[in-house]
Structures are given as structure tokens and as C-alpha cells.
Amino acid sequence: MKYRAVRGMHDILPEESWKWQYLEEKIRTFAHRYGFREIRTPMLEYTEVFQRGVGEGTDIVEKEMYTFLDRGGRSLSLRPEGTAAVVRAYLEHNLGASGTPVKLYYIAPLFRYDRPQRGRYRQHHQFGAEILGTPDPAADAEVLSLPIRLMQDLGLREVEVHLNSVGDAACRPRYIAALREYFGRYLDELCPDCRRRYDVNPLRILDCKEERCHRLTREAPTIFPYLCQECRNHFEGVQEHLDWLGIRYTIDPFIVRGLDYYTRTAAEVYSGKLGAQNAMFGGGRYDGLASQLGGPPVPGVGFGMGIERLLLVLEEEGIALPREDGVDVFVATTGKTGHREAFQLLDQMRQAGLRADGDPSHRELRAQMKLANRLGARYAVILGEEELRLGMATVRNMASGDQERLPLEGLIEALRERIQKT
RNA sequence: GUGGCCGUAGCUCAAGGGUGGAGCGCCAGACUGUGGCUCUGGAGGUUGCGGGUUCAAGUCCCGUCGGCCACCCCA
């Protein structure tokens, strides 16, 4: 085979795509139920949108973006995450002008030049939602409740919600200084990566899974005593609202989101079924992002949820999604005659809104019935020579095997009644 | 980007350096007008690709591409 899909990118074949359709429909239903409206932004942005939005020093921007020059010499990037582009669009179209909050959601492909692994792809898809224009902790809790309720609705019971506050520009620097002071005493004991992190971003040491770093981390100062009063109040407010909804979460001082724009709330949800790539969704507040992008300050909070990972977890949990891509009716002939009648009948059925299919090759009846079975047809309509002579059709219920002869006149209505009954 | 494991039929997998197989799926017959179950037969492969070692390579070596695992990072 000469050509394959590009590394880390995948075809979604009919055996899978029906699951995507089901999930997407459920996601849209949920989002609309929560008052979110869809936004579709281009897959490409000027590279600066991500450099300034996500942050120059982040791994995403430093080494994971698909960046290239267009024919006019401008640097463009395939979007590696959703929020920066949404905020760019919000600012560009002044969406806040007609009142706040503005609640937006998207289902979109994202691109990161990572080394592919199960649950980690160079093109993946996220369902994300953002509430812009309000700093209120109720918005944090509301936007987080959406994916949590969605996962519960799908039957995922064992999701772990982790919650943290990463502070803001007023208090985070004090905490970072405290971390430097603490880890500075143990530099020799840190792994090489963490020695690097010590200089670049000591917060990241908290994420390290190396045993020796992890031990030190357990004794490290947490951010909580360093939070300013505003951040403290906000964090308590988020917890209070989640409590009101009965949503369980773990306060986890060690989650540090890898995008620079996060302030205050940081949340991640994991599933043990995913191996190392175990984050199902992540999100948080980003009150500084809009001004980073050159706009007025616009507070915002949101999340992004990986659809591939959601599907993987559903599979691991043995949760079957309802499949609805079968046909209602299969029109069969006896092979030699009735081609024209069958072709016309199919057309009429389709115009009448039935899902109908047939065998374009008019193989022998046995083969056609086999095809009807494989297509999941609920009824087979057999137009044999005898039936045609009588102006009738044989209608077979594929599940029960019961058959009856019905006049061609009014056949579609008769079928519709039988289909609706079951 | 680092380290490791693995690429054989559409799918899941066998084959100790010596003529590449099975199950499922597909097509057909048993059943000349009836699917699912059963039985029988058939089609389908330059063993990912390129090079090397050897009388001989799916098997050993190197490279490359791809998948997976861990790291990194994250969804």
C-alpha cells in the first residue's frame, strides 16, 4: 500500500462513526440544555494567537504546534487547543456587547505534534465550553458541571474530579517564590527534569511522578496559605456551588495546568482506564487571557474534553451506545425481473422518509436476504414475479420471520405503521 | 523530543534459518423464491517498505515508515 493516513491521524470508519454521531448529538443536546450556543472558529489562526494566548514557554507552543508560513509569508498554526481561538473570536466580534455572560461551546478537531500513543493523537477532537464575561465562582461550577453530568448520564460512575486553585497575578508569584525556596534546599535530590523545572516553572515539579520528587512534593508548601483573599474567596465559592449540586471532587494542590493562561480554578478529571494518558477533561479559569490577546480584560472559565478518550473509556467500561444506523426496509427481487419496480419503490420509500436499501446487482434472493440481514433491515419487501403479477409484495419481518402479502398500493403506509409500532 | 516492544490475509493471530497456515469476515454450494444456525468449497499475501548477512530470510542485522508502552506533555 502506497499511502497511509498521516502519522497520528485516523480515519473514522462506519464501524466507529455511528458512535461519534451519537456522542455529538448527546453533547449538543446537553450544551443547549445548559444554555451554551455553538461557535465554530477556523482551524487555522495566526501563530501569535497561541503564542500570546497559550504562552510562549509552554510545551504546546514550544514544540507541539503545526506551524507554517502561508504564501504571503505569515505564520499560521493549526489550533492546538480551543480556548485561545474562542477568546480571539469573542474579542474580534465584541460578543460581550450584547450582554454577559456569553456561553459558547464547540466540537472541533485540534492538532498537536506529539508522539502518538493510545489516547494521544496528532489530530484529536474536543468538546469544549466557555463562559465569558463573569468572574463569579458560580460560572466555574456551572461550566464544570456540564461534562460531569454528561459523563454520569453516559453511565460513567467512577470519574475522579480534581480541583485546585492556582492563584492569580497577585498571589501566584509569592507561591512560586516559596516553592523555589523549598525545593532549593533539595536540588540534589530532584530528578534532572525537575532541576530544569526549578528554573523554568517550579509549579511543574508538583506534577512529577518520579518517586524521589514525589516524596519531596508531599512535604512542599501548598498554595493555599499564599492565596490572596480574592482567590481564596473565589475558590471557596466554587467548592460551595459544587457542593450545592452534590458533585464530589478532591482538592488536589498538585494539579497545575500546562497552559499559561489559567488563573484561580484548575480542574482535571481522570479515568483509571486510560493508562498514562488518563485525563478525560481539563479546564479552569483564565481571567488574564483576553488582555493577553490585546483586548479588554474579560474573565472566562471553560473546559475541554477529549472525545477519543471518552470513547475509549466507554469501551473499557463496557458501556454500549445505542446503534441506530440500520435500514428500515430492504427491497429484494428474485433476481431476474422486477428491477425497475424495485428501483422505483426504493425511490418512493426514500421520498416518504423511510431508510430503504436494495441490492444493485440483483443477485439471487438468498444473497439479497443475507445483505438485508447484514444491513440490519427490520423488514424485507420481496418483489417476485408472482407478487408483481398480482400487484402485491411479500413483507417479511426480519426479527420474527413472519411474512404477509400486502398490496403494492398503500405499501409504504403499511410499512410505516409496522415500523412505528416496534 | 528520549528509551523500549511490535509490524504476517479485510480483522485477530500461528509458522524452532529450509515449499507461509488457522479462526472470524467475504463469495458460492448444500437450499433451482427466503437472512441468522450447520456443513462443504472458493477467492484473498511480493510477510509494512528498502538494504545487508546466508546456498537459503516472515524468522538474523541495519535503516526507514507505522502502531503500541513508559517518559515528557496533555485531551
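Bear in mind that the values here come from a model prediction, so they are computed numbers and not experimental data. Letters A, B, ... mirror the listed sequences (proteins, then strands); counts begin at 1.
- Under 3.5 Å, the side chains of A/Thr394 and A/Glu387 contain a donor-acceptor pair of N or O atoms.
- Under 3.5 Å, the side chains of A/Glu130 and A/Thr83 contain a donor-acceptor pair of N or O atoms.
- Close placement of the A/Phe303 and A/Phe281 rings is indicated, their centers lying within 6.0 Å of each other.
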Under 3.5 Å, which protein N or O atoms sit close to an N or O of nucleotides 9-11 of chain B? Give each pair with its distance.
none

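- Ranked by how close their nearest RNA chain B nucleotide is to the 5' end, A/Arg7 and A/Phe281 are led by A/Arg7.
- The side-chain tip of A/Arg340 does not point at the ring of A/Phe343 from less than 6.0 angstrom away and within 45° of straight on.
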B/S/- contact track for nucleotides 30-43 of chain B, protein heavy atom under 4.0 Å: -B-BBBB-------
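- Side chain A/Arg115 to base B/C69: no donor-acceptor pair is found below 3.5 Å.
- Listed by first and then second residue, the salt bridge (charged side-chain N to carboxylate O under 4.0 Å, His left out) pairs that reach into residues 342-353 of chain A are A/Arg350-A/Asp357, sequence neighbours excluded.
- In summary, A/Arg416 and A/Glu413 engage in a salt bridge, as defined by a charged side-chain N under 4.0 Å from a carboxylate O.
- On the C1' atoms, B/U54 is 44 Å away from B/U40, given to the nearest whole Å.
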Salt bridge (Lys or Arg N to Asp or Glu O under 4.0 Å) between A/Lys26 and A/Asp153, intermediate numbers included: CA-CA 10 Å; A/Lys26 173 157 286 247; A/Asp153 186 77; 2.4 Å; yes
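- Put simply, CD on A/Gln123 is 20 Å from P on B/C74, counting in whole angstrom units.
- Screening residues 298-313 of chain A for salt bridge (charged side-chain N to carboxylate O under 4.0 Å, His left out) gives no qualifying pairs among residues at least two apart or on separate chains.
- By the 6.0 Å and 45° rule, A/Arg122 stacks over the aromatic ring of A/Tyr113.
- Inspection of the A/Tyr105 and A/Arg28 side chains reveals an N or O donor paired with an N or O acceptor under 3.5 Å.
- For the residue pair A/Glu219 / A/Tyr186, no side-chain donor-acceptor distance below 3.5 Å is found, with atom types taken as modelled.
- Looking at RNA chain B, the stems built from 3 or more consecutive Watson-Crick or G-U wobble pairs, each pair with its key distances under 3.5 Å, are B:1-7 with B:65-71, B:10-13 with B:21-24, B:26-30 with B:38-42, B:48-52 with B:60-64.
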Under-3.5 Å N/O pairs linking protein and nucleotides 49-51 of chain B:
none

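- Of the candidate nucleotides B/C27, B/G66, B/G3, B/G66 has the atom lying nearest to any side-chain atom of A/Arg4.
- Counted by atom type alone, A/His234 and A/Asp140 present one or more donor-acceptor pairs between their side chains at under 3.5 Å.
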